[in-house]
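Along the sequence shown, residues carry numbers from 1.
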Amino acid sequence: MTETHTGPVADPPPEIRAALGAHTTLTLAYGDDEGPQACAVLYAVRNRPPYEPGSPGESGGDERISLVFVTSTTTRHGRALASGNARVAFTAQRDGQEWTALTGVQGRGTCRLLGGAERAAAWDAYRARFPYVERSERLRQAMDRTELWELRPDWLRLIDNGRGFGHRTEWRRQGAPC
């Protein structure tokens, strides 16, 4: 069974938001000149205010959920993401699940590097999700020197076999690419 939610809804349904909030690691898939690749990153869910008109993240919509993660532009995936508003795919799930209770999120979206006030606000969400960052002076200083990224999902699918084999709940931002 598939439940589908498409715009003009501002946010994904609560069950998708809960699943994203229940995990901390996502596998991020991207492509570059060397071909497809995937990497794991720790992420935090950010519920942010609408973008200011004309800002780099403004798209004319009112989507208020994003995922924020840290990575350096010296890594292969960092270089690929830095090439512009990079299209990515991702998954988030807990390892070691039984297939009858398997649950996780699949998604697609756009990544961009954050700066200024947007970066500061996103750091608040990241530090709240990973409080150990603040408890370690060395880790905090390292994090302050690295880049913070935003992933704006435009399509999300929750798989929840606990509600029935193959149960899916999908959300698509209005006007999002297929």
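With a 4.5 Å cut-off on side-chain heavy atoms, Val45 and Leu67 count as touching. Here the side chains of Thr25 and Phe69 are not in contact, with every heavy-atom distance at 4.5 Å or above. Between Glu15 and Arg163 there is a side-chain heavy-atom pair separated by less than 4.5 Å. The shortest distance between side-chain heavy atoms of Leu139 and Gln141 does not fall below 4.5 Å. Looking at Arg108 and Asp154, their side chains come closer than 4.5 Å, going by heavy atoms from C-beta outward. Looking at Asp32 and Gln37, their side chains never come closer than 4.5 Å, going by heavy atoms from C-beta outward.
Ring orientation note: the planes of His77 and Tyr30 are tilted relative to one another, at an angle of 30° to 60°. Using bins of under 30°, 30° to 60° and over 60° for the plane-to-plane angle, the ring pair Tyr126/Phe130 lands in the tilted bin.
Here the straight-line distance linking atom CD1 of Ile16 with atom CH2 of Trp171 works out to 8.5 Å at 0.5 Å rounding. The CG atom of Asp124 sits 15.5 Å away from atom CZ of Arg129, with the distance rounded to the nearest 0.5 Å. Atom OH of Tyr43 is separated from atom CG of Leu28 by 12.0 Å, given to the nearest 0.5 angstrom. Atom CG of Asp33 is separated from atom CZ of Arg76 by 9.5 Å, given to the nearest 0.5 angstrom. To the nearest 0.5 Å, atom CG of residue Leu158 and atom CD of residue Gln106 are 9.5 Å apart. Here the straight-line distance linking atom CZ of Arg157 with atom OG1 of Thr91 works out to 12.5 Å at 0.5 Å rounding.
Residues Val88 and Ile65 share a single hydrophobic cluster, defined by chaining ILVMFWY side chains whose heavy atoms lie under 4.5 Å apart. Cluster membership for Trp155 and Ile159, using ILVMFWY side-chain heavy atoms within less than 4.5 angstrom, is not shared.
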*Taking it one step at a time, do Val41 and Leu26 satisfy side-chain contact (heavy atoms from CB on, under 4.5 Å)?*
CA-CA 6 Å; Val41 296; Leu26 64 83; 3.6 Å; yes
*asked:* The test is salt bridge (charged side-chain N to carboxylate O under 4.0 Å, His left out); show your working for Glu34 and Arg79 and say whether it passes.
replied: CA-CA 12 Å; Glu34 297 179 46; Arg79 287 189 304 273; 5.1 Å; no
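Counting all heavy atoms, side chain and backbone alike, Leu113 lies closest to Trp149 at N-CE3, 3.4 Å. Closest approach of Arg119 and Thr146 over heavy atoms only: NH2-O, 2.6 Å. Of all non-hydrogen atoms in Ser66 and Pro153, the two that sit nearest each other are CA-CD, 4.1 Å. The minimum heavy-atom distance between Thr73 and Glu147, with the atom names listed, is N-OE1, 3.2 Å. When every heavy atom of Gly166 is checked against every heavy atom of Asn161, the shortest pair comes out as N-OD1, 2.9 Å. Considering every non-hydrogen atom in both Thr71 and Gly78, the closest pair reads CG2-CA, 4.3 Å.
Of the possible donor and acceptor atoms, one in the side chain of Arg140 sits under 3.5 Å from a partner among the backbone N and O of Glu134. Although no hydrogens or angles enter the test, the distance criterion places no donor-acceptor pair under 3.5 Å between the side chain of Arg87 and the main chain of Gly31.
Counting non-hydrogen atoms of other residues, nucleotides and ligands closer than 6.0 Å to CG of Asp144 gives a total above 12.
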